[in-house]
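One structure is given here, and the rest of the page talks about it.
Letters go in sequence order (proteins before strands), and every chain restarts at 1.
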Number of protein chains: 2
Amino acid sequence: MPDSAAESRDPRERILLAAGREFAERGYEPATVRDICTAAGVNVAAVNYYFGDKHRLYIESVKHAHEARLRQVPQPDWAPGTPAAQKLRDFVGSMLDRMLGGDQPPWQVRLMMRELLQPTEACRELVEDYIRPHFGILLGVLNELTGSALPASEVRRLGLSIIGQCFLYRAAGDVVAMLVPGGEIDAYHTPQAIADHVTRFTLAAIGVAEPFARPDVGTVSALESPR
Amino acid sequence: MPDSAAESRDPRERILLAAGREFAERGYEPATVRDICTAAGVNVAAVNYYFGDKHRLYIESVKHAHEARLRQVPQPDWAPGTPAAQKLRDFVGSMLDRMLGGDQPPWQVRLMMRELLQPTEACRELVEDYIRPHFGILLGVLNELTGSALPASEVRRLGLSIIGQCFLYRAAGDVVAMLVPGGEIDAYHTPQAIADHVTRFTLAAIGVAEPFARPDVGTVSALESPR
DNA sequence: GCGGAAATCAAACAAGCGTTTCAATCGATT
DNA sequence: AATCGATTGAAACGCTTGTTTGATTTCCGC
């Protein structure tokens, strides 16, 4: 695992790692090739020697982080007969693990997150190779959960609702922390706690688990016919 | 309404508007004071004359956009007796309207979004004055909906689930568009369509509306005892 | 109409940026 | 050991950045 501590011996690899971290932390334009080269322990000219220019280095570093992430987090592989609800919980849990990165330094995710929030050329490739397949798995689980009784567009919206709930904790995690009383924040930001909530919330909405509360039935009609 | 077309006569105001747009579009460091001054139709020295330096201009422009947004989008004011489900729909709808900005140019929201995603000094103020009160209203509605039967931490999670669902369409709207087949995208990104889905999803999860599907009851227990 | 503060302007400043240069060094091949 | 391409290094390139200067213009109370 040639990361933070024992860097790779290959200069090209060292530059890619340092660039990934720098781009993730500061963004494309604020990150300087001088800082990247200093962090990588190479001369300033090296980035132009190996990559041509800063822009090409950026593209390569995004791809690099993307591939590394794909390698270390393989698609989930469920035994046949696994309940769909369990699959959903697994999916949400592993997605949050990847996003909030309990194990590994989160700069790779942070770098990709920048692409999602403000897409450049590297984004489309990222979506096709990384996002869409994962999203497809989620849609499969949801189809299984709803008994294929919903049109594809509805299932897609369900999927986006799930992604959105998780996404907030990663993208706006600092603000979430400000909205939560200090004492509870530790219990809040764990991938497990969030995954439990999101799964329960979603299953309840689909009708596979008990709803959160059932005060008095009848308020429903007020929304069903708003006008 | 001194925006896009008829600019204000006050140079200070013109600079603030141009700076807001530029910072929103490009971010703090990539945005240049030269471009801002050109867009505002003033000399480069003006920003230092009126604001001291670039950083102070940034702070002021965030505050400015923030206050303008507060002025033009007042808190919702429901008649007593309004059903809680209707309040939720209103809340979600107006939040999405503000986020996706069907009416006004969305650069103000974009500017604030940057603060949420990568907080600087201006962020705390933004949260306290803008986010937390709105979030409080949402929590009130949710308390009403659940009949105050849930602990505060659970209600807060419900609120974050709602925010998250909407947030995704704003923050990662481009990626969402890539995941949706071309023909359906127009129907997808309307604030109304999203609000309808989010509201229905949430009400179903709480148990106030019908769930999306009810295939075969019983799969529940598989999740209730995962080990 | 005039004096003086406020505001604007073109020009220049030092510092930092990405990039290039070219000589010095390395490493394998003959 | 000599050679030659691949790699590294220190220094400088041209350009853009934020900021400052100092002269000029504008505006307003008298």
Side-chain angles (χ1 to χ4, degrees), chain A residues 2 6-65 107 111 114-115 118-122, chain B residues 2 6-65 107 110-111 114-115 118 120-122:
Chain A
E7 308 276 9
S8 162
R9 223 52 66 194
D10 180 20
R12 194 188 149 92
E13 195 88 7
R14 286 213 313 271
I15 296 176
L16 278 175
L17 283 174
R21 277 191 277 253
E22 207 71 20
F23 285 137
E25 207 54 45
R26 319 233 284 127
Y28 176 70
E29 297 188 67
T32 74
V33 317
R34 275 178 172 83
D35 286 348
I36 291 171
C37 290
T38 302
V42 301
N43 190 270
V44 257
V47 44
N48 295 75
Y49 179 77
Y50 283 104
F51 298 97
D53 59 9
K54 182 186 181 181
H55 186 247
R56 232 124 32 163
L57 168 62
Y58 174 75
I59 303 284
E60 291 300 316
S61 72
V62 172
K63 281 189 185 177
H64 187 78
W107 66 265
L111 184 61
R114 282 190 185 276
E115 275 296 319
Q118 203 171 61
T120 73
E121 316 159 33
Chain B
E7 308 276 8
S8 163
R9 223 53 66 193
D10 180 22
R12 195 188 148 92
E13 195 88 7
R14 286 213 311 272
I15 297 175
L16 278 175
L17 283 173
R21 277 191 277 253
E22 207 72 20
F23 285 137
E25 208 55 45
R26 319 234 282 127
Y28 175 72
E29 296 188 69
T32 73
V33 315
R34 274 178 172 81
D35 287 349
I36 291 171
C37 290
T38 302
V42 301
N43 189 270
V44 254
V47 43
N48 294 72
Y49 181 77
Y50 283 104
F51 299 95
D53 59 8
K54 182 185 182 183
H55 186 248
R56 232 124 30 161
L57 169 61
Y58 174 74
I59 303 284
E60 290 300 316
S61 73
V62 172
K63 281 190 185 177
H64 187 77
W107 66 265
R110 214 173 144 74
L111 184 61
R114 281 190 186 276
E115 276 296 319
Q118 203 170 64
T120 72
E121 315 161 34

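First and last contacting nucleotides of DNA chain C toward chain A (any atom under 4.0 angstrom from a heavy atom, 5' to 3' order): C/dC17 to C/dT21.
Nearest heavy-atom pair, A/I59 versus A/E121, reported as atom, atom and distance to 0.1 Å: CD1-OE1, 4.1 Å. Between A/E29 and B/P30 the shortest heavy-atom distance is OE2-CB, 3.3 Å. Of all non-hydrogen atoms in B/D53 and B/N48, the two that sit nearest each other are CA-ND2, 4.3 Å. In terms of heavy atoms, B/G20 sits closest to B/S61 at N-CB, 4.1 Å. Among all heavy-atom pairs drawn from B/E115 and B/T120, the shortest one is OE2-OG1, 2.7 Å.
Of all the residues in residues 26-34 of chain B, B/R34 reach under 4.0 Å from DNA chain C with at least one non-hydrogen atom. A heavy atom lying under 4.0 Å from DNA chain D marks the following residues of residues 48-64 of chain A, by number: A/Y49, A/Y50.
Every pair tested for salt bridge (Lys or Arg N to Asp or Glu O under 4.0 Å) that includes a residue from residues 40-52 of chain A fails, sequence neighbours excluded, so the list is empty.
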Exercise. How would DNA chain D look in dot-bracket form, 5' to 3', counting Watson-Crick and G-U wobble pairs with both distances under 3.5 Å and writing | for bases paired to another strand?
Worked result: ||||||||||||||||||||||||||||||
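Not counting sequence neighbours, the partners of B/N43 by the side-chain contact (heavy atoms from CB on, under 4.5 Å) test are B/A45. The ring pair (Phe, Tyr, Trp, His ring centres under 6.0 Å) search around A/Y58 returns A/F23, A/Y28, not counting sequence neighbours. Partners of B/R34 according to the side-chain contact (heavy atoms from CB on, under 4.5 Å) rule, which considers only residues two or more places apart in sequence or in another chain, are B/T32, B/V44. Annotation: side chain to side chain donor-acceptor pair (under 3.5 Å) contacts of A/R26 (sequence neighbours excluded): none. Evaluation of the side-chain contact (heavy atoms from CB on, under 4.5 Å) rule for B/A65 yields B/W107, B/Q108, B/L111 as partners, not counting sequence neighbours. For A/V33, the side-chain contact (heavy atoms from CB on, under 4.5 Å) partners at least two apart in sequence or on another chain are A/V47, A/K54. By the salt bridge (Lys or Arg N to Asp or Glu O under 4.0 Å) test, B/E25 is found to be paired with B/R110, residues two or more places apart in sequence or in another chain being considered.
As judged by a 4.0 angstrom heavy-atom cut-off over every strand, A/A45 is placed among the base-contacting residues.
Counting to the nearest Å, the P atom of D/dG18 and the CD1 atom of B/I15 are 14 Å from each other.
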